[in-house]
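Right, I'll just put the structure down here and ask away after.
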Protein chains: 2
Amino acid sequence: MTTNKKITSFDIADLAGVSQSTVSRALRGSPLVNEETRRRVQAAVESLNYTVDKNASNLRRKFSGTLALLFFEDPTPDDSHINPFFLSMLGSITRACAKQGYDLLISFQQLSRDWHADFADSKKADGIILLGYGDYLAYCDRLQKLVEQGTSFVRWGAVLPGQPDITIGCDNFRGGHDIATHLHEQGCRRIAFLGDASSHYPEFFERYRGYAAALEEHGLVADPDLQANAESTERAGYEAMQSLLERDAKFDAVFAASDLIAIGALRALAGRGLKVPDDVALAGFDDIPVAGFINPSLTTIRQDTRQAGDALVESVLKMIHGESPESAVLPGKLIVRRSSVREPSGLGDA
Amino acid sequence: MTTNKKITSFDIADLAGVSQSTVSRALRGSPLVNEETRRRVQAAVESLNYTVDKNASNLRRKFSGTLALLFFEDPTPDDSHINPFFLSMLGSITRACAKQGYDLLISFQQLSRDWHADFADSKKADGIILLGYGDYLAYCDRLQKLVEQGTSFVRWGAVLPGQPDITIGCDNFRGGHDIATHLHEQGCRRIAFLGDASSHYPEFFERYRGYAAALEEHGLVADPDLQANAESTERAGYEAMQSLLERDAKFDAVFAASDLIAIGALRALAGRGLKVPDDVALAGFDDIPVAGFINPSLTTIRQDTRQAGDALVESVLKMIHGESPESAVLPGKLIVRRSSVREPSGLGDA
DNA sequence: CTGAAAGCGCTTACAG
DNA sequence: CTGAAAGCGCTTACAG
């Protein structure tokens with residue numbers, strides 16, 4: 001129907017019988033425009049099916065109406081699978097952006113690449129949200145650099161004193177504490193921990209510290225022989241569990257630093273003929289969608305991704321607007337399922 | 001460190017001792033630039049940490065280097081949950097975009113909004129990928145309009161003759177056929193179908209048609225009393241299953257049009273004390289991540305999201321470059337798990 | 001191989 | 001309340 005030439009604000013101006021400046025003002029909602037004029041412009045816009053060219057608009061306004069979401073996972077050989085927890089996050093962040101009228105640009109950055117400049121500087125995004133379970137120490141410098149550049153960004157991660165950036169995260173310490181306390185209540189006394197417990201992975205480390213603190217409160221000690229490193233994949237969980245089994249560690253419960261690790265551990269335990277929860281109680285962290293569906297269903301800490309997404313988006317937006325948001329710790333919630341509940345005796349299902 | 005004024009190609013030109021045009025050419029990889037000159041420009045770029053302003057660049061080039069991904073799910077009350085199948089798709093599409101040097105812009109459009117113009121016309125994206133299980137008849141007109149506008153877009157969905165757009169989809173008919181054949185092989189003779197079997201949901205409808213065709217090959221007929229509508233949510237699956245149970249339908253197997261529906265059905269069956277697979281064999285479609293983890297693990301058709309993502313991105317890119325890609329049907333793969341396997345007698349696990 | 005200049009489509013002081 | 005004009009930071013014919 002319409003001719004195939006790009007329609008500009010000048011075409012609208014002609015049709016509406018006003019100047020191009022007025023069209024622009026009308027479209028940006030300037031209070032300076034007469035109501036009647038605004039209506040004429042609107043009519044012209046609709047009849048020509050016009051939309052403002054964002055590139056031109058953004059170039060002038062030095063603004064993009066877009067947030068960038070960067071995943072900084074360690075590169076994985078099997079890169080088709082994103083951690084399901086972050087996938088949930090992605091969903092809620094997208095919703096939160098939509099609510100605020102922002103678009104979301106997504107990028108899966110490998111840690112190796114030089115992302116500090118990619119988005120903010122190239123002006124495709126006004127701010128950045130960083131998500132991932134990568135090695136903290138490996139990207140710490142880059143965060144520093146981002147801060148120096150004055151880039152508006154927030155990070156999902158462990159909230160610790162002295163961080164240069166704004167971080168939103170779950171109360172990992174408390175979560176670890178809750179899990180260990182719960183396992184102790186179930187009568188477990190030798191509770192293994194699966195996950196990196198070092199400053200490379202501060203979220204896991206906090207979970208570990210919460211777990212250790214809870215044990216201590218009950219006169220127990222976190223036994224280094226009952227800890228095995230694992231990053232957040234099923235495979236790593238399987239291997240960590242195997243290593244514990246192979247060195248004949250004695251334990252009656254396993255606290256995995258993430259649900260994915262727990263699922264891998266479950267597989268390793270099953271391989272040895274060990275039953276969960278009867279032989280070994282098991283708990284994870286995150287409450288990813290599968291957690292409720294595996295057999296036995298998995299006790300875990302639920303991180304409220306909806307709330308997290310809102311908080312993340314709200315914080316970047318504040319930074320963009322020149323305000324100074326604070327780092328924030330969000331509560332997690334203990335979800336008790338079958339994997340950790342010891343039946344008093346050999347009874348049936350819950 | 002650096003002063004906080006925006007660095008432009010003119011700054012680079014000054015530093016490198018060349019004209020701004022040359023800087024631009026060097027950065028865009030023009031073959032016209034002398035190797036030595038290019039190096040000087042590169043050095044200047046790095047020392048000033050410069051990146052090309054995409055808005056300006058895109059404005060001139062009438063190009064954005066961005067693809068938009070639109071989810072056109074029906075608005076759901078619980079909007080924090082995206083169908084896990086599409087979440088997998090999202091992952092693979094993101095990877096495919098990255099591979100091609102494109103950014104991905106994400107938007108969850110409600111069917112109600114007027115998305116036909118939003119992206120392409122506002123020049124934030126060069127092309128659009130459409131994803132969703134919404135009511136086809138409800139957005140058919142808009143697809144038509146998009147085509148008329150000459151927008152570059154591809155859709156994931158049922159590939160049917162006479163469609164105006166480019167569609168990539170799974171071989172739904174074949175998948176439905178495979179499932180029904182498999183269930184028949186397991187000795188099932190009264191196989192129920194859970195899912196909308198109408199042209200509103202063409203993917204489900206194709207699955208249904210494949211199922212009906214397979215039954216027919218075995219001298220059976222798809223019994224309308226064994227079909228109940230459901231869109232692709234767990235809740236709908238639960239309700240559909242309930243309605244069948246409540247009207248006392250007799251069946252020995254259930255083919256759910258999606259895994260989510262199957263999971264809901266499983267819950268309803270368990271509520272009646274019916275055991276899967278012993279009392280009722282069950283199969284789904286999609287092979288979402290939970291499918292292998294639920295108990296019993298779910299027989300389903302795996303859609304290769306990696307391949308799908310590649311195909312989708314490749315097709316839009318072709319359209320953007322003025323080529324004419326074809327609609328394509330991708331093979332699905334029958335994954336047999338415990339939910340549909342009848343043990344010859346009361347033996348143990350598989 | 002390089003430079004000077006026009007122009008992409010807007011927004012926003014500036015001057016009425 | 002409105003218009004004429006400058007300019008955002010690039011890219012790309014055009015002319016050497």
Open item on the list: Both atom distances under 3.5 Å, Watson-Crick or G-U wobble: I'd like the secondary structure of DNA chain D as a dot-bracket string, with | for pairs made across strands.
Closed with: |||.||||||||.|||

Task: Spacing of A/D126 atom CG and A/N58 atom CG [to the nearest 0.5 Å] - done: 7.5 Å

Task: Backbone N/O of A/T8 and side chain of A/D11: donor-acceptor pair under 3.5 Å - done: yes

Task: Side-chain N,O (B/K54) to OP1/OP2 (D/dG9) below 4.0 Å - done: no

Open item on the list: Without decimals, in angstroms, what is the distance between B/L27 CG and D/dG9 P?
Closed with: 16 Å

Open item on the list: Using 30° and 60° as the class boundaries, would you call the ring planes of B/F63 and B/Y102 parallel, tilted or perpendicular?
Closed with: perpendicular

Task: Whole-Å distance separating the CZ atom of B/R61 from the P atom of D/dT11 - done: 7 Å

Open item on the list: Tell me every residue that passes salt bridge (Lys or Arg N to Asp or Glu O under 4.0 Å) with A/E36, counting only those two or more places apart in sequence or in another chain.
Closed with: A/R40

Task: Euclidean distance, atom CG of residue A/N58 to atom C1' of C/dG9 [Å, nearest integer] - done: 12 Å

TODO: Calculate the interatomic distance between B/F63 atom CZ and D/dT11 atom P; express it in whole Å.
DONE: 11 Å

- [ ] Tell me what B/S24 touches on the nucleic acid: a base, only sugar-phosphate, or nothing, going by heavy atoms under 4.0 Å.
- [x] base

- [ ] Please confirm whether the backbone N or O of A/W156 pairs with a side-chain atom of A/E203, one donor and one acceptor, at under 3.5 Å?
- [x] no

Task: Base versus backbone protein contacts along nucleotides 2-7 of chain C [heavy-atom cut-off under 4.0 Å; B, S, -] - done: BBBBBB

Open item on the list: Using whole Å, what does the distance between atom P of nucleotide D/dC8 and atom CG of B/D53 come to?
Closed with: 12 Å

- [ ] Would you please confirm or rule out a distance under 4.0 Å between OP1 or OP2 of C/dG9 and any side-chain N or O of B/K62?
- [x] yes

- [ ] Heavy atoms only: give me the nearest B/S315-B/I168 pair and the separation to one decimal.
- [x] OG-CD1, 3.6 Å

Task: Distance below 4.0 Å between A/S9 side-chain N/O and C/dC10 OP1 or OP2 - done: yes

Task: Separation of atom CZ in B/R28 from atom C1' in D/dT11, rounded to whole Å - done: 8 Å

Task: For B/D165, all residues meeting salt bridge (Lys or Arg N to Asp or Glu O under 4.0 Å), sequence neighbours excluded - done: B/R155

Task: Residues which pass salt bridge (Lys or Arg N to Asp or Glu O under 4.0 Å) with A/R38, listed by chain and number, not counting sequence neighbours - done: A/E35

Distance-only check: which donor-acceptor pairs under 3.5 Å involve side-chain atoms of residues 15-25 of chain A, not counting sequence neighbours?
unit_1: A/S19; atom_1: OG; unit_2: A/S21; atom_2: N; d: 3.4
unit_1: A/S19; atom_1: OG; unit_2: A/T22; atom_2: N; d: 3.2
unit_1: A/S19; atom_1: OG; unit_2: A/T22; atom_2: OG1; d: 3.1
unit_1: A/Q20; atom_1: NE2; unit_2: A/S9; atom_2: OG; d: 3.0

Open item on the list: When you measure from the side-chain N and O atoms of A/Y50 to the phosphate of C/dC10, is any distance below 4.0 Å, counting only OP1 and OP2?
Closed with: yes

- [ ] Select base, sugar-phosphate, or nothing to describe what B/S57 touches, counting heavy atoms under 4.0 Å on all strands.
- [x] sugar-phosphate

Task: Check: A/S92 side chain, A/T305 main-chain N or O, donor-acceptor pair, under 3.5 Å - done: yes

Open item on the list: Rounded to whole Å, how long is the line connecting atom CD1 of A/I7 with atom P of C/dC10?
Closed with: 10 Å

TODO: Using heavy atoms to find the nearest nucleotide of DNA chain D for A/P31 and B/A56 separately, return the residue whose nucleotide is more 5′.
DONE: A/P31

Task: Spacing between B/D11 atom CG and D/dG9 atom P, to the nearest angstrom - done: 10 Å

Open item on the list: Rounding to an integer number of angstrom, what distance separates D/dT12 and D/dG16 when you compare their C1' atoms?
Closed with: 16 Å

